[in-house]
Amino acid sequence: MSPAILICPSCSAENSDNYRFCLNCGTPLAPAPETAPAAAALPQPAAAPPPAAAVPPPPVYPAVPPAPPPAPEPLGYPPPPPLVRPAGAPAPVYPPPYPASPTAQAVPLPPPPAPAAYPASPGAPVAPYPAIQPQTATPPFLNIWGPFAGQGKPRRHAAWLVKDRGEQSAVILPGVLADLQSRQVPGMVVYQTMLPGRAIAATARPYLLLRRGPALVGLYAEPCGRDLYLSLASYVRTPLDPWRIGLLVLMVLAWLFMVFVFPGWLGDAGQIALATIGNSAFGAQAASPSDFFYVLCVVGIPGALNNFALLAFLVFSLYRWLTQRDALAALRIPANEFFEDDRLLMEKLAADALRQAGIDLA
C-alpha cells in the first residue's frame, strides 16, 4: 500500500502522511482520516460526507519593520575631523566645496535695461513731444468731399477707447511719428496734416498719415474725458489699368466715327434706297437696298451701343468725382495681394508704434 499524500494547507506542497510538518514551509500537517472500503455486494444508501478535518490556522509571524532609507550624503566635501592644535599653531585651511576653475574670471553683470523711449530720428523733437499745431489756414466753408476723398476705396476703419490715457492725446501722434520715422521703412512716407470733413463750415482734425504706394493709413487721437479715443482708417487707391485705357480710347474713336462719318454713310445709303423705290414705281428695273440695311444694322446698332456705354462711363465718373473725388475710378485695376500687403504692413507698424508708447490695442 502506497503511503498517502498530504497537501500543505499553507504552501500547497505535497508531503507524505508520515510527516507531521511540511518539508517546504514547516506548517503542521494533519493526517487524513481513514475511509472504510466500499461494499461490493449490496448498494448502500448515500450518506453525508464525513466532516473535514480541522486544519489549524497557519502561525502568525510578527511583521518585520522595513529598513530605514539610507541617509542622504551631504553635498560638497564632508566636514574635516576635529584637530587638536597646539597653542599658537595656525588654523588649517580647507578647500572650498566646489573648486573653482583656474581659468574662470569674474564676469560683470550687464546694467539693467533703460526704460523704453521713442528712438530719436534726424530732426525729431526730444520728448516730451509737442502737440500738433492747428492748421493756420481756415477750412473751406463748403466741402463736398470727406477727409479721405481721392485716396481710393476704404479697406478698414477701426476704433479703440483706452482707459485713463486721455492726457496723452496731445503727445501720442508726435511720438508715433518719431518712432515710425526712425524705422526707415523703404517706400513709406509718414507725415502729419489736418483733414477737413464734408459739411458746411467744416472743421479739420489732425491726422497722422502713413503712405506706401497706393495704400494709405490714417491715425487719429482725441481725448474723451479721462480716456483716449484712437481711430485707424486705411484706403487703397490702385493705379490705372492700361487695358481699360485702351478700351476707352477705342470707344472714343467709335463715338467720333458715329458723330462725323456715320451720318454721311447713312445719307448716301438712304438716297440709294429712295432711288430704288422710285425706279420700281415707274416700271424700271429695281435695285437692291442692301447698302442701306448694311449701314443701319451692322454699323449703326453697335455704334449706338458704344455711345450709350460711353455715356454711362461719363455719368459714373461724374458720380465718383462728386462723392470720392476720383473721376477715373472706372479705369483702375482691382486691388491685388501686393497692395493689400502694403496696407497691412502700415497698419501693423502703426499698432506697434502705439504699443511702444504703452498703448496696447489688443
Side-chain angles (χ1 to χ4, degrees), residues 118 120-162 165-183 185 187-237 320-327 329 342-343 345-354 356-357 359 361:
Y118 297 113
S121 59
V126 180
Y129 301 100
I132 299 179
Q133 299 298 328
Q135 184 176 348
T136 56
T138 305
F141 179 77
L142 176 62
N143 186 26
I144 62 175
W145 296 296
F148 291 95
Q151 305 301 334
K153 294 183 179 180
R155 283 293 184 267
R156 184 190 181 193
H157 190 186
W160 301 269
L161 190 64
V162 186
R165 303 297 290 273
E167 70 279 357
Q168 297 185 2
S169 60
V171 298
I172 191 65
L173 291 186
V176 173
L177 173 62
D179 182 83
L180 293 175
Q181 288 178 345
S182 65
R183 295 174 184 263
V185 179
M188 186 180 68
V189 180
V190 187
Y191 58 96
Q192 301 175 12
T193 184
M194 303 290 291
L195 299 180
R198 179 173 58 183
I200 300 177
T203 58
R205 294 181 178 181
Y207 271 86
L208 178 66
L209 299 183
L210 293 76
R211 183 184 299 276
R212 187 184 188 190
L216 178 75
V217 173
L219 186 63
Y220 171 68
E222 178 186 7
C224 184
R226 295 177 52 187
D227 303 330
L228 174 64
Y229 174 77
L230 292 173
S231 173
L232 186 143
S234 60
Y235 292 79
V236 175
R237 183 181 180 181
R320 294 300 293 266
W321 181 80
L322 293 175
T323 55
Q324 299 183 10
R325 203 171 63 180
D326 189 7
D342 292 339
R343 176 183 65 87
L345 171 62
M346 290 186 295
E347 289 182 3
K348 298 297 183 182
L349 288 174
D352 187 71
L354 289 172
Q356 293 293 332
I359 298 177
L361 302 181

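Contacts classified as salt bridge (Lys or Arg N to Asp or Glu O under 4.0 Å) and involving residues 226-236 (residues at least two apart or in different chains) are given here: Asp164-Arg226.
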Kindly determine whether Val190 and Arg183 satisfy side chain to side chain contact (heavy atoms under 4.5 Å, CB included), including the steps that lead there.
-> CA-CA 11 Å; Val190 187; Arg183 295 174 184 263; over 6 Å; no
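With values rounded to the nearest 0.5 angstrom, Gln192 atom CD is found 14.0 Å from Tyr207 atom OH.
Residues Leu354 and Leu219 meet the side-chain proximity criterion, which asks for heavy atoms closer than 4.5 Å.
Every residue was checked against the ring-ring contact (aromatic ring centres under 6.0 Å, His included) condition with Tyr229, not counting sequence neighbours, and none meets it. Evaluation of the salt bridge (charged side-chain N to carboxylate O under 4.0 Å, His left out) rule for Arg156 yields Glu347 as partners, not counting sequence neighbours. Legend: residues meeting side-chain hydrogen bond (donor to acceptor under 3.5 Å, both in side chains) with Tyr220, ordered by chain and number and at least two apart, are Glu222.
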Under 3.5 Å, side-chain donor or acceptor atoms of residues 208-217 against the rest of the protein: list the pairs with distances, not counting sequence neighbours.
residue : atom : partner : partner atom : Å
Arg211  : NH1  : Gln151  : OE1          : 3.3
Arg211  : NH2  : Gln151  : OE1          : 3.2
Arg212  : NE   : Pro186  : O            : 3.2
Arg212  : NH2  : Pro186  : O            : 3.4

Please tabulate, for side-chain N and O atoms in residues 166-178, each donor-acceptor pair with protein atoms closer than 3.5 Å (sequence neighbours left out).
residue : atom : partner : partner atom : Å
Gln168  : OE1  : Arg165  : NH2          : 3.0
Ser169  : OG   : Gly166  : O            : 3.2

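Summarising the geometry of His157 relative to Ser231, their closest heavy-atom pair is NE2-OG, 3.2 Å, with the distance given to 0.1 Å. Smallest separation of non-hydrogen atoms from Val236 and Arg343: CG2-CD, 3.9 Å. Taking each heavy atom of Gly152 and Tyr235 in turn, the nearest pair found is O-CD2, 3.6 Å. The minimum heavy-atom distance linking Leu161 with Cys224 is given by the pair CD1-CB, 4.2 Å.
Judged purely by atom type and a 3.5 angstrom limit, Trp160 has no side-chain atom pairing as donor or acceptor with the backbone of Leu228. In this structure a side-chain-to-backbone donor-acceptor pair under 3.5 Å is present from Asn143 to Gly197.
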